[in-house]
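Values below: all heavy atoms of this structure, side chains included; hydrogens, waters and symmetry mates excluded. Reminder, nothing fancy here: chain letters follow the sequence lines and each chain counts from 1.
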Amino acid sequence: MTHTPDTFVTRVLDLVDDIPPGRVMTYGGIAAVFGSRGARLVGQIMARYGADVPWWRVIRAGGHPPIGHEERALAHYRDEGTPLTVATGPAGYRIDLSAAGWSPGRGRSPDSE
DNA sequence: CCTATGACTCATC
DNA sequence: GGATGAGCCATAG
């Protein structure tokens, strides 16, 4: 495909698109997969091109969803059954990285292997 | 080529 | 536990 530039953007989008439902990846985690630390890069890419990928499966290192999209992401998490953690606050909800954390090549439960 | 920009992350106060 | 600052890195203009 000559229409597909092999830039970070395409690679990140492809990886995010490979994240199975019920799983999530952190910005830094995705960047680490490419051997880069462009955590902000992933965020930039999602903001500009993430419209065509399950961006809600991409969260921050603390388990919080992308700022400005918490409600939107929460709806998807509940719909896909993503392991969420109930916080003690009103807007306090976060993703259980220990259970939802996903990585390419593992495709299976983190405790299965 | 150089500057500005972020849906981030970590360390420190 | 919340707030602040500095580091980070590829893309767009």
Side-chain angles (χ1 to χ4, degrees):
Chain A
M1 302 271 226
T2 54
H3 294 276
T4 313
D6 294 331
T7 55
F8 236 76
V9 180
T10 55
R11 294 180 189 177
V12 171
L13 292 176
D14 186 49
L15 176 59
V16 175
D17 189 45
D18 258 0
I19 302 176
R23 296 295 162 98
V24 297
M25 278 192 76
T26 61
Y27 291 101
I30 293 171
V33 172
F34 296 98
S36 294
R37 303 173 121 205
R40 307 185 67 174
L41 267 268
V42 182
Q44 273 283 59
I45 292 163
M46 306 307 305
R48 282 191 77 67
Y49 308 96
D52 290 312
V53 297
W55 54 263
W56 54 88
R57 292 178 190 153
V58 185
I59 61 173
R60 298 191 285 168
H64 295 274
I67 298 176
H69 296 259
E70 307 153 335
E71 291 183 45
R72 193 73 70 77
L74 179 58
H76 285 288
Y77 299 145
R78 291 184 147 195
D79 184 53
E80 297 184 349
T82 305
L84 301 177
T85 301
V86 183
T88 57
Y93 89 87
R94 62 183 198 122
I95 298 113
D96 189 341
L97 283 172
S98 301
W102 183 83
S103 175
R106 291 195 177 185
R108 304 195 185 254
S109 307
D111 61 288
S112 263
E113 290 192 59

Show me the side-chain donor-acceptor pairs of residues 35-52 of chain A shorter than 3.5 Å, one per line, residues at least two apart or across chains.
none

Heavy-atom protein contacts under 4.0 Å, nucleotides 3-13 of chain C, coded B base, S sugar-phosphate only, - none: ----BBBBSS-

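Exactly one of A:Val58, A:Asp18, A:Val33, A:Leu97 qualifies for a side-chain contact (heavy atoms from CB on, under 4.5 Å) with A:Met25. That residue is A:Val33.
Rounded to an integer number of Å, the gap from CZ of A:Arg94 to P of B:dA7 is 23 Å. The nearest whole Å value for the distance from the CD1 atom in A:Ile19 to the P atom in B:dA7 is 18 Å. Between the P atom of B:dA7 and the CD atom of A:Glu71 lies a distance of 18 Å, rounded to the nearest Å.
Of the inter-residue distances, the one linking A:Leu15 atom CG with A:Phe8 atom CZ reads 10.5 Å to the nearest 0.5 angstrom. For the atom pair A:Trp56 CH2 and A:Arg72 CZ, the distance stands at 9.5 Å (nearest 0.5 Å). Rounded to the nearest 0.5 angstrom, A:His64 NE2 and A:Tyr93 OH are separated by 10.0 Å.
Within 4.0 Å of A:Ala47, counting heavy atoms only, lies at least one base atom of the nucleic acid. If you check every strand for non-hydrogen atoms under 4.0 Å, A:Gly28 touches sugar and phosphate atoms only.
Under a 4.0 Å N-O distance rule, the pair A:Glu80/A:Arg57 qualifies as a salt bridge.
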